[in-house]
Amino acid sequence: MPELPEVETTRAGLAPHLEGRRVRSVLLRRPDLRWPIPPEVSERLPGQRIVAVRRRAKYLLFDTEAGSALLHLGMSGSLRVLPAKTPVREHDHVDLALDSGRVLRFNDPRRFGCLLWQEPGETHELLRDLGPEPLSEAFDGEHLFERSRGRSAPVKTFLMDQKIVVGVGNIYAAEALFAAGISPLRAAGKVSRERYAALAGEAKRILAHAIARGGTTLRDFIAPDGAPGYFEQELSAYGRGGKPCPRCGRPLKQAMVGQRASVWCGHCQR
DNA sequence: GAATGAACCTGGCGGC
DNA sequence: TGCCGCCAGGTTCATT
């Protein structure tokens, strides 16, 4: 289930194989992903040279002079660069054949991912209202404090709102709140400036560390080179409901917060 | 504007 | 062993 570190790991793994390469052809085996793949992808991408592989939030952008392919991995998507004759597996929905003789293959069992098109010089509407990147200077405690005033929703829901900050999903929200000692149930508008400073700092630290470790391997995530991520071994809260808190040893609580499974320590997180 | 909940899809897992 | 039903996940959209 790709979150920002997984998407960044994917981007970094793909870039050396794609940048400077020309797209020979596009094969759509199954165009009905989350949204239908628009005709521009198969009409305008062939023949184009990929000049950059970028990431914005959890979206990957493959830039060409004719426009950019915009890809979201959804919850189960993965991308691999493979020899052109590699046998197709179930759920291999899209192939981009490259002039290197290899193919960029998109596999997505649950089809929550998408492949869209962005015109040159434009910003796709899905990217327009996104919050700052969590590892940028624009994201800090002051940003969280200002945007949270008057909001009664749980701070975990607030932190996962992509308009507030991008790329923080269920796993890293749980981990950042644990590290900062903030209960996920606390109303976002009731968290102090000082505690938001701690939360922003922990979110940055955890995300940067997860990227360095190759993301989190949970069921579906595999990096483009086929290697699993190693961050899962270091999770303190996520997926550990009922197990001892790494700090105080008391059992971690588990409940739904904003429709999402949440784990926290009732003693260490207030 | 904010909060809430449904919907999308399917593999994995627990219970029977 | 096989079947059934629930759960998980990110994001959008509709409703309140």
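We use all heavy atoms of the structure for the numbers below, so side chains are in, but hydrogens, waters and symmetry mates are not. Within every chain, numbering begins at 1; the chains are lettered A, B, ... in the order of the sequence lines, protein sequences first and strands thereafter.
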Quick one: closest heavy-atom pair of Arg151(A) and Asp161(A), and the distance? NH2-OD2, 3.5 Å
In whole angstroms, how far is the P atom of dA8(C) from the CD1 atom of Ile171(A)? 13 Å
Out of dA6(B), dG11(B), dT12(C), which has the shortest distance to the side chain of Gln259(A)? dA6(B)
Can you check the Leu4(A) CG to dT11(C) C1' distance for me, whole Å? 15 Å
CE of Met160(A) versus C1' of dA3(B): gap in Å, rounded? 15 Å
For dA3(B), does OP1 or OP2 lie under 4.0 Å from any side-chain N or O of Ser152(A)? yes
Could you tell me the separation between the CZ atom of Phe158(A) and the P atom of dA3(B), rounded to a whole number of Å? 9 Å
Contact nearer the 5' end of DNA chain B, comparing Arg34(A) with Glu90(A): Arg34(A)
Smallest separation among heavy atoms of Leu4(A) and Lys58(A), with atom names: N-CE, 4.1 Å
Could you tell me which non-hydrogen atom of Val103(A) sits nearest to which non-hydrogen atom of Pro83(A), and how far apart they are? CG1-O, 3.8 Å
Report yes if at least one side-chain N or O of His91(A) is closer than 4.0 Å to OP1 or OP2 of dC9(B); otherwise report no. no
Relative to the 5' end of DNA chain C, which residue comes earlier, Phe112(A) or Glu125(A), by the nucleotide with the nearest heavy atom? Phe112(A)
List the atom of Arg56(A), the atom of Glu133(A), and the distance in Å for their closest heavy-atom pair. NH1-OE2, 2.9 Å
On DNA chain B, nearest-nucleotide positions of Pro154(A) versus Arg30(A): which is more 5'? Pro154(A)
Taking NZ from Lys156(A) and C1' from dA3(B), how many angstroms apart are they, rounded to a whole number? 16 Å
Do any N or O atoms from the side chain of Arg247(A) and from the backbone of Ala179(A) form a donor-acceptor pair under 3.5 angstrom? yes
Name the closest nucleotide to the Gln162(A) side chain, picking from dT11(C), dA3(B), dC8(B). dT11(C)
Nearest-Å distance for atom pair NE2/P, residues His72(A) and dT12(C): 7 Å
For Tyr59(A), report the nucleic acid contact type (base, sugar-phosphate, nothing); a contact means any heavy atom under 4.0 Å. sugar-phosphate
Give the rounded distance in Å between these two atoms: CG of Asp108(A) and C1' of dT10(B). 10 Å
Of the listed nucleotides dT12(C), dA3(B), dA6(B), the one nearest the side chain of Leu126(A): dT12(C)
Which nucleotide in dA8(C), dT12(C), dT10(B) has an atom nearest any side-chain atom of Arg111(A): dT10(B)
Measure the distance from CZ on Arg110(A) to C1' on dC9(B) and round it to the nearest whole Å. 8 Å
